[in-house]
Amino acid sequence: MEGTDNSEATVPNGPPKLAGTVNWGTATVIGVFAGMLYGGSKEAAASVSKDAEVMLKLGSTEDKREQYRLMRDAMEKRFIRVTRGSIVGGIRLGMFTAAFYGIQNLLAEKRGVHDVFNIVGAGSATASAFGLIMPGSLLWRARNMALGSVLGAAFCFPLGWIHLKLVEKANEGNPAHSHLDQREVKSGVSAAIERLEGNLSK
């Protein structure tokens, strides 16, 4: 019985992860934080002109209470703008990253191989979908959808090719990775044989 339990533990739970595929959850979290950083910094940079206007108003009044009120209002508005920019940027880039890597992993799972065409297809579909949901008329959305599809594919093809080449270079010095599938198939067959022998010996 112990041999049977140990042999069942060696059976893989699911298909092996293809080389070059990215974890969807990790990529989404990184995209959210990157979008928050970009959106917040963009709004903070845009607030410089607003701060200059506040300084002019402060120089034109000698009332301490009025100066305090102007400074407080300026700081509150700046905080709201930076917070809103961070939230909107995180949501936008997070959604884009989640859609891109979700489609990419889905194509790799369905096709059984991860190549540059998965990355091109994911980039084209994601850019096309975001072009469709942009505000505007139906004709404008259709134009953005077609343009996004072409630009997404053209932009992702060289990046995908470089990414896969780097993955191949990284795995050249890892002999364990090249024989991973063979070991998993062997362990599954061995486990099946051991279970069959255990059943026959009862």
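This one's a predicted model, so the numbers in the text were calculated from it and none came from an experiment.
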**Report entry** Pairs touching residues 86-103 that satisfy salt bridge (Lys or Arg N to Asp or Glu O under 4.0 Å), sequence neighbours left out
**Finding:** none
**Report entry** ring-ring contact (aromatic ring centres under 6.0 Å, His included) involving Tyr101 - partner list, sequence neighbours excluded
**Finding:** none
Query raised in the report: Excluding sequence neighbours, so at least two apart, what forms side chain to side chain contact (heavy atoms under 4.5 Å, CB included) with Lys77?
Result: Arg81
Requested in this report: Enumerate the residue pairs fulfilling side-chain hydrogen bond (donor to acceptor under 3.5 Å, both in side chains) with a member in residues 131-146, sequence neighbours excluded, ordered by first and then second residue.
Outcome: none
**Report entry** salt bridge (Lys or Arg N to Asp or Glu O under 4.0 Å) pairs, two or more places apart, involving residues 29-39
**Finding:** none
Query raised in the report: Just wondering, do Tyr38 and Ser86 contact through their side chains at under 4.5 Å, heavy atoms?
Result: no
Query raised in the report: Distance from Phe100 atom CZ to Asn105 atom CG, nearest 0.5 Å?
Result: 9.5 Å
Query raised in the report: Considering residues at least two apart in sequence or located in another chain, which fulfil the side chain to side chain contact (heavy atoms under 4.5 Å, CB included) criterion with Ile91?
Result: Ile87, Met95
Query raised in the report: Rest of the hydrophobic cluster containing Leu151 (Ile/Leu/Val/Met/Phe/Trp/Tyr, side-chain heavy atoms under 4.5 Å)?
Result: Leu147
Report task. Could you name each residue pair satisfying salt bridge (Lys or Arg N to Asp or Glu O under 4.0 Å) that touches residues 111-136, not counting sequence neighbours? Result -> Arg111-Asp115
Query - Residues forming a salt bridge (Lys or Arg N to Asp or Glu O under 4.0 Å) with Lys42, sequence neighbours excluded - result: none
Query raised in the report: Is it the case that more than 12 heavy atoms not belonging to Phe96 sit under 6.0 Å from its CZ atom?
Result: yes
Query raised in the report: Of all heavy-atom pairs between Glu43 and Gly85, which one has the smallest distance, and what is that distance?
Result: CG-CA, 3.7 Å
Requested in this report: Identify, with sequence neighbours excluded, every residue that meets side chain to side chain contact (heavy atoms under 4.5 Å, CB included) alongside Leu107.
Outcome: Ile103, Asn118
Report summary line: Of all heavy-atom pairs linking Val32 and Gly94, the shortest is CG2-CA, 3.6 Å
Query raised in the report: In Å, rounded to the nearest 0.5 Å, how long is the span from SG of Cys156 to CD of Gln104?
Result: 8.5 Å
Query raised in the report: Does Phe117 belong to the same Ile/Leu/Val/Met/Phe/Trp/Tyr cluster as Ile119, with side-chain heavy atoms less than 4.5 Å apart forming each link?
Result: yes
Report task. Could you pull out all residues at least two apart from Ser124 that satisfy side chain to side chain donor-acceptor pair (under 3.5 Å)? Result -> Ser149
Query raised in the report: Val116: what forms a side chain to side chain contact (heavy atoms under 4.5 Å, CB included) with it, not counting sequence neighbours?
Result: Val120, Phe157, Trp161, Leu164
